[in-house]
Structure formats: C-alpha cells, structure tokens
Peer 1: 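Take a look at the following structure, please.
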Amino acid sequence: MAHWAATKYHPTSEFQKLPDLISFSAAADQIRAGTMRELSTLRLEDYKRVAFYPIGATEGLLLDRSNPEWRNQYFAEKFDNWIYFKRN
C-alpha cells in the first residue's frame, strides 16, 4: 500500500505538515526491509502461525513481478499459488 501511495497518491497539505511525516516511498522501503529481515531471522517455534505473514507478503511481491495479473485469478483458483507464477 505504501508503494502504491508513493506513486499514485498526492497527500494533502495538512498531511504534509505532520511533524513525524516520512515519505510513502521511505515507508515502503522500511516495510519491505523489515519483512525481508523477518524472513531471515524468524523461528517457527517462536512465531508459530504469525511466521506465515511475512512469507505470504513476500510471495505476493514475487507474484507481482512474475505475473502482475495473478490477483485476477486469486478467488477463482484458491489455495494453489503455484499456478499464479505461470505467465498467461
């Protein structure tokens, strides 16, 4: 969402005046870096089911690059994400 906002959203002047403002681009970079850090450090026995959140987020990022149209199939072809990696 932060990446989308960095390229598509024009914040209001009030928003831009917030004292703790960082750019959407910087926020997107921080979120992505945090997700990648989690993937390399998380321990399944500590994270339990929450471990799959950064895994799912990363899978979505890979799908965005591999097949930008994957979302069009998501609800029709559930639970088999491998098919989304195939280019149409």
Side-chain angles (χ1 to χ4, degrees):
M1 187 53 113
H3 175 70
W4 176 89
T7 59
K8 307 286 186 201
Y9 178 73
H10 301 289
T12 64
S13 59
E14 292 84 6
F15 185 84
Q16 292 177 5
K17 292 176 187 173
L18 292 171
D20 59 347
L21 177 71
I22 64 167
S23 71
F24 287 118
S25 180
D29 290 345
Q30 288 175 2
I31 293 166
R32 181 171 287 161
T35 300
M36 295 301 143
R37 187 173 38 259
E38 278 187 306
L39 283 176
S40 64
T41 61
L42 69 81
R43 294 169 34 107
L44 188 56
E45 58 270 16
D46 296 334
Y47 273 62
K48 300 189 179 13
R49 68 179 177 84
V50 178
F52 294 94
Y53 298 151
I55 292 168
T58 304
E59 185 175 48
L61 292 171
L62 288 170
L63 284 166
D64 285 343
R65 286 188 177 196
S66 171
N67 177 5
E69 302 298 319
W70 71 273
R71 288 182 190 91
N72 296 336
Q73 299 172 265
Y74 186 73
F75 288 108
E77 303 286 342
K78 298 177 186 169
F79 310 116
D80 183 9
N81 293 352
W82 184 248
I83 64 171
Y84 307 138
F85 284 103
K86 298 175 185 174
R87 293 195 183 266
N88 296 332

Peer 1: What is the minimum heavy-atom distance between Ala57 and Thr35, and which atoms define it?
Peer 2: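 That would be CB-CG2, 4.3 Å.
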Peer 1: Where do Ser25 and Ala6 come nearest, in terms of heavy atoms and distance?
Peer 2: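 Shortest heavy-atom separation between Ser25 and Ala6 comes out as N-CB, 3.6 Å.
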Peer 1: If I compare all heavy atoms of Lys48 with all of Glu45, which pair ends up nearest, and what's the gap?
Peer 2: NZ-O, 2.8 Å
Peer 1: So do the side chains of Leu44 and Arg49 get within less than 4.5 Å of each other, counting heavy atoms only?
Peer 2: no
Peer 1: About how many Å separate CD of Gln16 and OG of Ser23, when rounded to the nearest 0.5 Å?
Peer 2: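 The OG atom of Ser23 sits 11.0 Å away from the CD atom of Gln16.
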Peer 1: Checking Thr41 side chain against Arg37 main chain: does a donor-acceptor pair fall under 3.5 Å?
Peer 2: yes
Peer 1: Suppose we screen for salt bridge (charged side-chain N to carboxylate O under 4.0 Å, His left out). Which residues come up paired with Arg71, at least two apart in sequence or across chains?
Peer 2: Asp64
Peer 1: Flag the pair Ile22 / Gln30 as yes when at least one side-chain heavy-atom distance between them is below 4.5 Å, and no otherwise.
Peer 2: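 Ile22 vs Gln30: side chains touch.
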Peer 1: Linking I/L/V/M/F/W/Y whenever their side-chain heavy atoms sit closer than 4.5 Å, directly or via other members, would Leu21 and Trp4 fall into one cluster?
Peer 2: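 Yes, it is one cluster - the side chains of Leu21 and Trp4 are joined through contacts under 4.5 Å.
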Peer 1: Less than 4.5 Å apart, side chain to side chain, heavy atoms only: is that true for Arg65 and Leu62?
Peer 2: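 Heavy-atom side-chain distance check fails, nothing below 4.5 Å.
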Peer 1: Taking the side chain as every heavy atom from C-beta outward, state whether Arg32 and Leu61 have any pair of such atoms under 4.5 Å apart.
Peer 2: yes
Peer 1: Are Ile55 and Tyr53 connected into the same hydrophobic cluster when the rule is that any two of I, L, V, M, F, W, Y join if their side-chain heavy atoms are below 4.5 Å apart?
Peer 2: no
Peer 1: To the closest 0.5 Å, what do you measure between NZ (Lys8) and CZ (Phe24)?
Peer 2: 14.5 Å
Peer 1: Taking ring pair (Phe, Tyr, Trp, His ring centres under 6.0 Å) as the test, write out the residues that go with Phe52, two or more places apart.
Peer 2: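 With neighbours one apart ignored, the set is empty.
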Peer 1: Working to the nearest 0.5 angstrom, can you tell me the gap between Thr12 OG1 and Leu18 CG?
Peer 2: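 Answer rounded to 0.5 Å: 8.0 Å.
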Peer 1: Would you compute the distance between atom OG1 of Thr58 and atom CE of Met36 and round it to the nearest 0.5 angstrom?
Peer 2: 4.0 Å
